[in-house]
Amino acid sequence: MMTTMYFKKSQEGAASMSDIVEEYFRKRMAEHDKETAKTFLQNGASIELVRKSIPTLSLEFIEELSEQVMMSAK
């Protein structure tokens, strides 16, 4: 079992912790981008505006999300 000292005192531990933090950050940013896109679309923003504002999301994803938002609004 890895201990706190492993992460604090060894180069391998520091590298592992750095990788863990980076992966967490990437996941949170992806979730944030998706939620922001959904909010944009719910408030009437165009697919093109969302694409330009959140370039990390694919056009295909934004189009699918737009369809979901439209279906849930009915």
Nearest 0.5 Å, please: how far is OG in Ser10 from CE in Met17?
12.0 Å

Considering residues at least two apart in sequence or located in another chain, which fulfil the side-chain contact (heavy atoms from CB on, under 4.5 Å) criterion with Gln11?
none

Search all heavy atoms of Val50 against all heavy atoms of Ala37 and return the closest pair with its distance.
CG1-CB, 3.7 Å

For Thr56 and Asp33, work out which heavy atoms get closest and say how close.
OG1-OD2, 2.5 Å

State which residues pass side-chain hydrogen bond (donor to acceptor under 3.5 Å, both in side chains) with Glu35; sequence neighbours excluded, sorted by chain then number.
none

Ser18: partners by side-chain contact (heavy atoms from CB on, under 4.5 Å), with sequence neighbours left out
Glu22

Distance col, row Ile47:CD1 vs Phe61:CZ, nearest 0.5 angstrom, shows 12.0 Å

Co-membership, hydrophobic cluster, residues Leu41 and Met70, 4.5 Å side-chain:
no

Check this for me, if you would: do Arg51 and Glu48 make a salt bridge, where the nitrogen-to-carboxylate-oxygen distance has to be below 4.0 angstrom?
yes

Looking only at non-hydrogen atoms, find the nearest pair between Gln42 and Val69 and report the distance.
CG-CG1, 3.7 Å

Supply the atom-to-atom distance Ile54 CD1 to His32 NE2, rounded to the nearest 0.5 angstrom.
8.5 Å

How long is the straight-line distance from OG of Ser66 back to CE of Met71, given to the nearest 0.5 Å?
11.5 Å

Is the shortest heavy-atom distance from the side chain of Lys34 to the side chain of Leu65 under 4.5 Å?
no

